[in-house]
Amino acid sequence: MVDIAFLGEHRCKLGESPLWDMRNQCLWWVDARAMAIFAAKPDGTLLSRWNYAELPGSIALAEGGLLVAFADRFCLVDAADGTVREIAPLARPGGSTRLNDGKLDRRGRFFFCGETQLDDVSTGHLWRLGADNSPVALADGIRIGNAICFSPDGTEIFFADSLDGFIRRHRYDPDTGTIGEALGQIVLDGIGKAPDGATVDADGNLWIALVLDQAIACVSPNGELLRRIEVPMPFPSCPAFGGPDLDILFVTSIGDSGRHLVTDHPDGGRILAIRDCGARGIAEARFAKPD
């Protein structure tokens, strides 16, 4: 049986992008609406809180700190004091109202996607930071981009439009950073609604936050449901494996997204630490100079 506990008393308005730092043995995450980045020990002890005048959409590990996708620029943030150094401006590509999910491939390239207006026009893209730190479009037809993750060997990529109800699966060339042929879809009919963040375990299975179903689903790359874990707070947003042995599944959640997802649940916005879930994660890469 899984052991589900909250990570300290931390609460988010819009919790996203949990990220385990093996080197520093801490969990990073963002509260996008509070415009803040946090770090804590596995027992919930707060190590850092940095506030900014702009919205952080997602984070990735980098030498000396973090790569942060803010609303209209990419920055390196110093892990010691939270100071910011811009590496590239961004003109919110593809009609994005803000940047959303972001993840490194196994070689340290940064992939990201945005959130466009919630209408029938799918104008958003999946992007990668290119050689000059400018965005390179890799896939289109996305309204709310989410669930970016990579197979353990780095030769497959998964990503989703949360409004579609399925996750796209493609071949991926880790040498060139290019997406190849489609390998099908992980259809979530009968599993859950609205895939949000996702991560891949060491066996290659996906752990997906079902933001509208108050659950986490573990599915195989072929779409077989292997496990479903009901969680005690609404709107789970993103999972990430962490802890010294990478066997704790941390899950952020949403208390008030500022738009459609708002809850008065007493545990709304809290962060979970799920133990004994029968899986281990993969240590995250660190941001590499784009090629």
Can you name the closest pair of heavy atoms from [X] and [Y] and give their distance?
X: Pro18; Y: Pro239; answer: CG-C, 4.0 Å
X: Ile179; Y: Leu138; answer: CD1-CB, 3.8 Å
X: Leu104; Y: Arg286; answer: CD1-C, 3.6 Å
X: Lys103; Y: Ile148; answer: NZ-O, 2.9 Å
X: Asp140; Y: Arg168; answer: O-NH1, 3.1 Å
X: Asp101; Y: Ala147; answer: OD2-N, 3.0 Å

Can you tell me how far [atom2] of [Y] sits from [atom1] of [X], rounded to the nearest 0.5 angstrom?
X: Thr199; Y: Trp20; atom1: OG1; atom2: CH2; answer: 14.0 Å
X: Leu246; Y: Phe241; atom1: CG; atom2: CZ; answer: 9.0 Å
X: Cys113; Y: Phe159; atom1: SG; atom2: CZ; answer: 9.0 Å
X: Leu46; Y: Glu9; atom1: CG; atom2: CD; answer: 12.5 Å
X: Leu55; Y: Asp72; atom1: CG; atom2: CG; answer: 10.5 Å
X: Lys41; Y: Leu47; atom1: NZ; atom2: CG; answer: 6.0 Å

Could you state whether [X] and [Y] fall into the same hydrophobic cluster, counting links through intermediate Ile, Leu, Val, Met, Phe, Trp or Tyr residues with side-chain heavy atoms under 4.5 angstrom apart?
X: Ile248; Y: Ile271; answer: yes
X: Val84; Y: Val30; answer: yes
X: Ile186; Y: Leu225; answer: yes
X: Phe38; Y: Leu19; answer: no
X: Trp127; Y: Phe110; answer: yes

Any ion pair linking [Y] and [X] (charged N to carboxylate O, less than 4.0 Å)?
X: Glu63; Y: Arg23; answer: yes
X: Arg275; Y: Asp247; answer: no
X: Arg85; Y: Asp78; answer: no
X: Arg171; Y: Glu156; answer: no

**OP:** Determine, stepwise, if the pair Ile229 / Val251 fulfils side-chain contact (heavy atoms from CB on, under 4.5 Å).
**Re:** CA-CA 11 Å; Ile229 301 174; Val251 183; over 6 Å; no
Is there a donor-acceptor pair under 3.5 Å between the side chain of [X] and the backbone N or O of [Y]?
X: Asp21; Y: Gln25; answer: no
X: Ser162; Y: Pro195; answer: yes
X: Arg228; Y: Cys218; answer: no
X: Arg280; Y: Asp245; answer: yes
X: Asn24; Y: Cys26; answer: no
X: Asp267; Y: Arg270; answer: no
X: Arg106; Y: Gly154; answer: no
X: Asp31; Y: Lys13; answer: yes
X: Asn100; Y: Gly145; answer: yes
X: Asn146; Y: Ala160; answer: no

**OP:** Would you sort out whether Thr155 and Asp153 count as a side-chain hydrogen bond (donor to acceptor under 3.5 Å, both in side chains), showing the intermediate values?
**Re:** CA-CA 6 Å; Thr155 62; Asp153 65 1; 2.8 Å; yes
**OP:** Begin with the C-alpha distance, continue with both residues' side-chain angles, and end with the deciding distance and a verdict on side-chain contact (heavy atoms from CB on, under 4.5 Å) for Ile87 and Cys75.
**Re:** CA-CA 5 Å; Ile87 62 170; Cys75 297; 6.0 Å; no
Original post:
Side chains of Asp81 and Thr83: do they bring a donor and an acceptor to under 3.5 Å?
Top reply: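 The answer is yes; a qualifying pair exists.
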**OP:** Give a yes-or-no answer on whether the side chains of Ser237 and Thr252 include a donor-acceptor pair shorter than 3.5 Å.
**Re:**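 A donor-acceptor contact under 3.5 Å links the two side chains.
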**OP:** Take Cys12 and Trp29, measure what side-chain contact (heavy atoms from CB on, under 4.5 Å) needs, and give me the verdict at the end.
**Re:** CA-CA 10 Å; Cys12 300; Trp29 73 92; 3.5 Å; yes
Would you call [X] and [Y] a side-chain contact if the rule is heavy atoms closer than 4.5 Å?
X: Val187; Y: Gln185; result: yes
X: Thr263; Y: Asp256; result: no
X: Leu188; Y: Phe166; result: no
X: Phe287; Y: Leu129; result: yes
X: Phe112; Y: Phe74; result: yes
X: Glu54; Y: Arg73; result: yes
X: Ile37; Y: Leu66; result: yes
X: Leu272; Y: Pro232; result: yes

Subject >> is_close_aromatic(Phe158, His170), centroid dist under 6.0 Å >> reply: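 Ring centroids of Phe158 and His170 are no less than 6.0 Å from each other.
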Subject >> Any residue meeting ring-ring contact (aromatic ring centres under 6.0 Å, His included) with Tyr52, in chain and number order, not counting sequence neighbours >> reply: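 Only Phe70 meet the ring-ring contact (aromatic ring centres under 6.0 Å, His included) criterion with Tyr52.
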**OP:** Output, in order, the C-alpha distance, side-chain angles, deciding distance and verdict of salt bridge (Lys or Arg N to Asp or Glu O under 4.0 Å) for Asp161 and Arg143.
**Re:** CA-CA 6 Å; Asp161 178 342; Arg143 290 159 292 181; 2.9 Å; yes
**OP:** Show the numbers, then the answer: is there a side-chain contact (heavy atoms from CB on, under 4.5 Å) between Leu67 and Leu76?
**Re:** CA-CA 5 Å; Leu67 173 69; Leu76 294 175; 4.1 Å; yes
Original post:
Is the Phe111 ring parallel, tilted or perpendicular to the Phe150 ring (thresholds 30°, 60°)?
Top reply: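 Perpendicular: the ring planes of Phe111 and Phe150 meet at over 60°.
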Original post:
Got a sec: does the CZ of Arg227 have more than 12 other heavy atoms crowding it under 6.0 Å?
Top reply: yes
Distance-only donor-acceptor hits, side chain of residues 202-215, under 3.5 Å, sequence neighbours excluded:
residue : atom : partner : partner atom : Å
Trp207  : NE1  : Asp201  : OD2          : 2.9
Asp213  : OD2  : Lys193  : N            : 3.1
Gln214  : NE2  : Val231  : O            : 3.0

